[in-house]
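Worksheet: one structure, shown below.
Every number for a ligand or one of its atoms is a count from 1 in the order of the listing. Positions are given from 1, in the same order as the sequence printed here.
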Amino acid sequence: MQQDRQLFEIIGKERERQLKGIELIASENFVSEQVMQSMGSVLTNKYAEGYPGRRYYGGCEVVDLSEQLAIDRLKKLFGAEWVNVQPHSGAQANAAVFLACLKAGDAFMGLNLSHGGHLSHGSPVNFSGLMFRPIAYNVREDDQLVDYDQLESVARAERPRLIIAGASAYSREWDYARIRKVADEIGAIFMVDMAHPAGLIAAGLLENPLKHAHIVTSTTHKTLRGPRGGVILMGRDFENPWGITTPKGEVKMMSALLDSAVFPGMQGGPLKHVIAAKAVSFYEALQPEYNIYQAQVKKNAAVMAQAFIDKGYKVVSGGTDNHCILVDLRTKFADLTGKVAEKVLVEADITTNKNMVPFDSRSPFQTSGLRFGTPAITTRGAKEPLMSEIVEMIDSVLSNVEDSKIITSVREKVNATMKQYPLFAW
Ligand code: DSN
């Protein structure tokens, strides 16, 4: 067969873009060669609807081994009693939890999307907001920390069936124990979506939500540094609280409801090549050097947050406990939107994303904020001194958004700098 030159040229261009730029999107990372290899392996050819040992197709005895390996390693990594490694993404994992725990129209609570919450935690254009009744809790205006008092009073008044903790743009540790307490009081399921900080949690640098939540979901490709995908975990399995029984009259365990919600509820055939790559990334996350990497991610983020503050930027909540920094541009540049800032930084080969800040005066299409994260740049070997240099370069671009000469000179500096931080040995 003829080689598809057109497509491979596009892949080459993306490889080049990744190589020469500074990647600061908080949800991105660079996977290892063996994670990449397993994703591009023959396992993509196999259909395996069902679970290890109970499939709807023949010839699954080999892919049963790779899925079981992913399951066993993920359990070990987070101290889970039960996991499901089949969700194609974090949003699919969340959808499966909704399917297992809620009926159409049921109320659930999640962090206000414009305060850092995630699309699948109740956006009106997402399945979660279209099919269920989202109720938001907020961060406080004065310190931009989750308002647990408000969360509790809304939970008591509305009695949602599910409470979600977790965010896309929240830089602080969560008080999981406090949310679990109110969930127990009102008889709600408590779910944590740890997609963003999962790698830091795996390394023991942030509290493990499996100790507090009934159900935990995650992606595998952010701080965790695996292939693009999702997982569901439980610290301890439990009988479903709604009395749903098996044909034999036994109360179904939550694990059975969640397994059925993923397949056949939400998905058909699992992505066997991606599940294998998940297994590889969990193996990597169990190695001692992974903890050193995650500690550096956290240190780099703290230094970057302080460097922004030193340059006169407002960092939402005043700093970070994790890998993520949310900058409110308004205090330094009253007229600069996140949209324009993102665009000019891309011209300088610095990739980040515009983001709403809590109590934003602009729309989600313009925004007043930029979100930064350190997982990808840390994978390339960056340490604290580079964080201050990067903030210097960002500030230079944002202070001169109309000056193409300055933007070009920053881009040249970015490209020269990144040559010293190797990526892609293959
Ligand atoms: N879109 C992801 C993020 O960037 O945070 C979350 O799914």
Salt-bridge present ([X], [Y]; N to O < 4.0 Å):
| X | Y | result |
| --- | --- | --- |
| Lys181 | Glu152 | no |
| Lys103 | Asp106 | no |
| Glu347 | Lys343 | yes |

### Query
How far apart are the C-alpha atoms of Phe238 and His214, what are their side-chain angles, what is the distance that settles it, and do they pass the ring pair (Phe, Tyr, Trp, His ring centres under 6.0 Å) test?
CA-CA 8 Å; Phe238 57 99; His214 293 97; 5.2 Å; yes
Under a 4.0 angstrom heavy-atom cut-off, which atoms of ligand 1 come close to [X]?
| X | result |
| --- | --- |
| His118 | 6 (C), 7 (O) |
| Ser168 | 3 (C), 5 (O), 6 (C) |
| His196 | 3 (C), 5 (O) |
| Ser27 | 3 (C), 4 (O), 5 (O) |
| Lys222 | 2 (C), 6 (C), 7 (O) |

#### Entry: Arg236 atom CZ, over 12 foreign heavy atoms within 6.0 Å
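For Arg236, atom CZ is not crowded (no more than 12 foreign heavy atoms under 6.0 Å).
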### Query
Counting only heavy atoms, which portion of His221 has something under 4.0 Å from ligand 1: side chain, backbone, both, or neither?
neither
